S.K.: 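This structure is in C-alpha cells; I'll ask about it shortly.
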2 protein chains.
Amino acid sequence: MHGGGVLTIGEFSRLSHLSVRTLRRYHDAGLLEPASVDDATGYRHYGVDQIPTAQVIHRLRELDVPLSDVQRIVRSGDPEIRATLVADHLRRLESELERTRGAVASLRRLLEPEPPPLDVELRAVPATTVAAVEDDVAYDEVLAWYAGAIAELDAVVHDPTGVPGGLYDNALFEDGRGHALLYRPTAHPPRSGRVHPVTLPAVELAVTTHVGEHGDIEVTYGELGTWVVGNALAVAGPVRETYVVGPRDTADPSAWRTEIGWPVFRVGPR
Amino acid sequence: MHGGGVLTIGEFSRLSHLSVRTLRRYHDAGLLEPASVDDATGYRHYGVDQIPTAQVIHRLRELDVPLSDVQRIVRSGDPEIRATLVADHLRRLESELERTRGAVASLRRLLEPEPPPLDVELRAVPATTVAAVEDDVAYDEVLAWYAGAIAELDAVVHDPTGVPGGLYDNALFEDGRGHALLYRPTAHPPRSGRVHPVTLPAVELAVTTHVGEHGDIEVTYGELGTWVVGNALAVAGPVRETYVVGPRDTADPSAWRTEIGWPVFRVGPR
DNA sequence: GCTGGACCCTCCCCCGGGGGGAGCGTGCAC
DNA sequence: GTGCACGCTCCCCCCGGGGGAGGGTCCAGC
C-alpha cells in the first residue's frame with residue numbers, strides 16, 4: 001500500500017461489502033474496472049476512490065436493477081442523467097410493489113374457504129365502432145399504458161356514449177406480452193394522435209362483474225373460466241373488460257365495478 | 001370435452017393465464033400434475049377443478065415464492081398449515097420491502113453531490129466480558145435475529161453497564177451469511193438460554209458515528225472504509241456496532257446514533 | 001533461502017424459472 | 001385427404017451469481 005490507497009481485491013471486498021467473486025464478475029462485465037491489473041500475475045488492484053462507485057452499484061443491485069442498467073447509470077457522469085435513470089427505476093419498483101399488493105390481495109381471496117357464488121350472464125354483443133388506442137405492451141407495463149391511453153381518449157372524445165373498456169389479448173397474460181386496446185364508445189369516433197376508430201367484432205360474451213380493487217381480478221377471471229368450461233363453452237378471442245365504476249369515478253375501491261367478458265362459443269361433447 | 005370439463009394444455013393455459021411452457025414445467029416439477037396424461041401421445045389433460053390450484057400457484061409465483069415452497073403450500077391440504085406457510089412468506093416480503101426502503105435511502109445519500117465530512121476517532125478498546133447472544137445467520141435474516149436477541153438480552157441482563165452492541169463477521173456482508181453477535185455489557189454476565197458470557201478481544205478501532213436510520217448505514221461504512229485505507233490502516237476482524245441511541249430509545253429516526261467501529265492495524269508502505 | 005499458508009488467478013459446472021426454437025407427431029374441420 | 005393448429009420432447013440461452021478444481025504469487029517466520 002503506497003499510502004495512497006491501492007487495494008487488492010480482498011481488501012476492496014472487505015471495504016465495499018461486495019464478495020470477491022462478485023467483484024471479478026463486475027470486472028468481466030465492464031461494470032467496475034480495477035484501477036490497474038498486473039500484466040504478469042493478473043492481480044486486480046482497486047483504488048480507494050472506487051469505493052463510492054462500488055457502493056452505488058451495490059445499492060442498485062439490491063434494488064434488482066439489471067447489471068446493464070447499472071452500467072448505464074454509473075457510466076453517465078452527469079448527475080442529472082443519473083438522477084433521471086435512478087428515478088425511472090424507482091418508478092419501476094413502485095409499480096412492482098403495486099403488483100405485489102395485488103397478488104397478496106388476490107391470494108387472500110383465493111385462500112378463503114367459501115367463495116361467494118358467481119353471477120354470469122351470456123350476452124350477445126353486436127359489432128360496434130369505437131374510439132380506441134391500441135398497442136403491443138408487456139404485462140407489467142399495462143398499468144402505465146392504461147394511464148396514458150385513458151388520458152388521451154378523454155382528451156379527444158367529447159361525447160362518449162358509454163363507459164370505457166379494454167380488449168386484452170390472451171398472450172398478454174400467458175406470455176407476458178401482447179396486444180392491448182382501450183376504447184370509449186362514441187357516435188363519431190375521432191382520429192387524433194394514437195386515437196382512431198376501431199370496429200369491435202360481434203361476439204357472444206360470458207360476462208361477470210368483478211367488485212373491488214383490480215389487484216385480485218385474476219380470481220374472478222379464474223371463476224369465470226371455470227364457469228365457461230362447466231357450461232360446455234370454449235374461449236375465443238381476447239378478453240374484454242368494461243370499467244363500469246373505477247378510480248376515475250370514486251376513490252373507494254370497494255365500489256369499483258369491472259365487467260369481465262370472455263368471448264365464447266358452444267362446443268359439442270367430444 | 002365430455003361436458004365435465006376436461007381441458008387440453010392450451011385451453012387450460014387460456015383459463016389459468018399460465019403459459020403452456022410454464023404448465024409443462026410445473027408438471028415436470030411435480031407441482032401441478034395434469035388430471036391425466038395420454039400414454040400413447042403424451043398429451044396432458046387438465047380438469048376444471050385444477051383452475052383454483054393453478055391460480056394459487058400463479059399468485060405465489062408473482063410473490064417470488066420458490067417453486068419448492070409453492071409445492072409445500074399447495075400440497076398441504078390443511079387450510080391452517082397453508083395459512084401459516086403463506087403468512088411466513090408475507091413476512092419475508094415485509095422484510096424485503098424494508099431492505100428495499102433501506103437501499104433507496106442509501107442510494108439517495110450516495111448520489112448527493114457533497115458528502116459531509118466524517119469524524120473518525122482511533123480508539124484502543126480493552127478486552128471486555130459481556131453478556132452475548134451469537135449465531136450464524138443470513139444477511140437478510142439479521143433484522144429478525146436482532147429483534148429476538150435483544151429481547152432475550154433485555155430479559156436476563158438486569159444491571160447493564162452500557163448500551164448494547166454487535167459484532168458482525170465480514171463474511172456476512174460479502175457472502176450473505178456469517179457470524180453475528182449481539183451483546184450487552186454488564187458486571188456479571190448471566191448464562192441463560194442463548195445468553196452467555198463472552199470475552200471480546202482487545203482491538204484498536206476506527207470509530208465513527210452513523211446518524212439516522214439504519215437503512216443507509218452502508219454509506220457510512222463506505223466512508224469509514226475510505227478513511228481507514230487513506231490513513232494507511234488495514235481491516236482486521238469483525239465490524240463492531242454500538243447502538244448508542246436506537247429505536248428502543250426514541251421513535252424519531254433522525255435522532256438515532258450508531259457507532260461503527262472497524263478493527264484496524266497499521267500497515268507500513270508496501 | 002525455504003516453506004507454509006493466505007491470497008490471487010482462470011475455468012467449468014451448478015442453481016432457479018423460465019423463453020426460443022428445432023424437429024416431429026396428432027386431431028379435427030373443411 | 002389434407003392443411004394447420006396444436007401437442008410433444010430436447011437442447012441451448014438468459015441473469016447474477018456460488019462451489020470447487022487446479023494452479024500461481026506474496027510474505028512472514030524460521
Side-chain angles (χ1 to χ4, degrees), chain A residues 1 6-14 17-32 34 36-46 57-58 60-71 138-140 170-171 174-178 234-237 265 267-270, chain B residues 1 6-14 17-32 34 36-46 57-58 60-71 138-139 170-171 174-178 234-236 265 267-270:
Chain A
M1 201 169 301
V6 173
L7 305 165
T8 66
I9 197 169
E11 293 164 337
F12 193 73
S13 162
R14 278 186 287 280
H17 286 168
L18 286 163
S19 79
V20 169
R21 272 206 113 74
T22 301
L23 288 173
R24 286 203 272 252
R25 158 164 288 271
Y26 289 173
H27 179 195
D28 292 348
L31 185 52
L32 183 63
S36 71
V37 177
D38 188 311
D39 279 349
T41 67
Y43 277 31
R44 293 166 179 85
H45 294 289
Y46 294 84
I57 295 173
H58 198 162
L60 289 170
R61 285 298 304 136
E62 277 191 347
L63 299 176
D64 276 334
V65 177
L67 287 191
S68 54
D69 296 19
V70 173
Q71 188 162 24
Y139 182 68
D140 46 9
N170 279 310
E174 291 151 29
D175 303 341
R177 167 164 283 283
V235 170
F265 60 95
V267 290
R270 284 205 183 130
Chain B
M1 201 170 302
V6 174
L7 306 166
T8 66
I9 198 168
E11 292 164 337
F12 194 73
S13 162
R14 278 186 288 279
H17 285 169
L18 286 163
S19 80
V20 169
R21 272 202 113 77
T22 302
L23 287 173
R24 284 202 272 253
R25 159 164 287 269
Y26 289 173
H27 179 197
D28 292 348
L31 184 53
L32 182 63
S36 72
V37 178
D38 188 311
D39 280 351
T41 66
Y43 277 31
R44 294 165 178 86
H45 295 290
Y46 294 83
I57 296 174
H58 199 161
L60 289 170
R61 284 299 304 135
E62 277 192 346
L63 300 175
D64 276 332
V65 176
L67 286 191
S68 54
D69 295 21
V70 173
Q71 188 161 25
Y139 182 69
N170 279 310
E174 292 153 27
D175 303 341
R177 168 164 283 283
V235 170
F265 60 94
V267 290
R270 285 209 184 128

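Side chains are part of it too, since the values below use all heavy atoms of this structure and drop only hydrogens, waters and symmetry mates. Lettering of chains follows the sequences in order, A, B, ..., and the numbering in each one begins at 1. Fair warning: this is a prediction, and the values are worked out from it, not measured in the lab.
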S.K.: Output the distance between atom CG (B:L7) and atom CZ (B:R14), rounded to the nearest 0.5 Å.
M.R.: 9.5 Å

S.K.: Please state how far atom OH in A:Y139 lies from atom P in C:dG18, giving the value in whole angstrom units.
M.R.: 14 Å

S.K.: Using atom types as modelled, flag every donor-acceptor pair under 3.5 Å from a side chain in residues 21-29 of chain A to any protein atom, sequence neighbours excluded.
M.R.:
from	atom 1	to	atom 2	distance (Å)
A:T22	OG1	A:S19	OG	2.7
A:H27	ND1	A:R44	NE	2.9

S.K.: Counting C-beta onward and ignoring hydrogens, is there a side-chain heavy-atom pair between B:H17 and A:N170 closer than 4.5 Å?
M.R.: yes

S.K.: Rounded to whole Å, please give me the gap between CG in B:L18 and C1' in C:dG19.
M.R.: 15 Å

S.K.: Would you give a per-nucleotide map of nucleotides 4-17 of chain C, 5' to 3', where B means the base has a protein non-hydrogen atom under 4.0 Å away, S means only the sugar-phosphate does, and - means neither?
M.R.: ---BSSB------B

S.K.: Once rounded to the nearest 0.5 Å, what's the spacing between atom OG1 of B:T8 and atom CG of B:D38?
M.R.: 12.5 Å

S.K.: Does OP1 or OP2 of C:dG18 have a side-chain N or O of B:S19 closer than 4.0 Å?
M.R.: no

S.K.: Kindly state each residue pair satisfying salt bridge (charged side-chain N to carboxylate O under 4.0 Å, His left out) with at least one member in residues 60-70 of chain A, sequence neighbours excluded.
M.R.: A:R59-A:E62, A:D69-A:R72

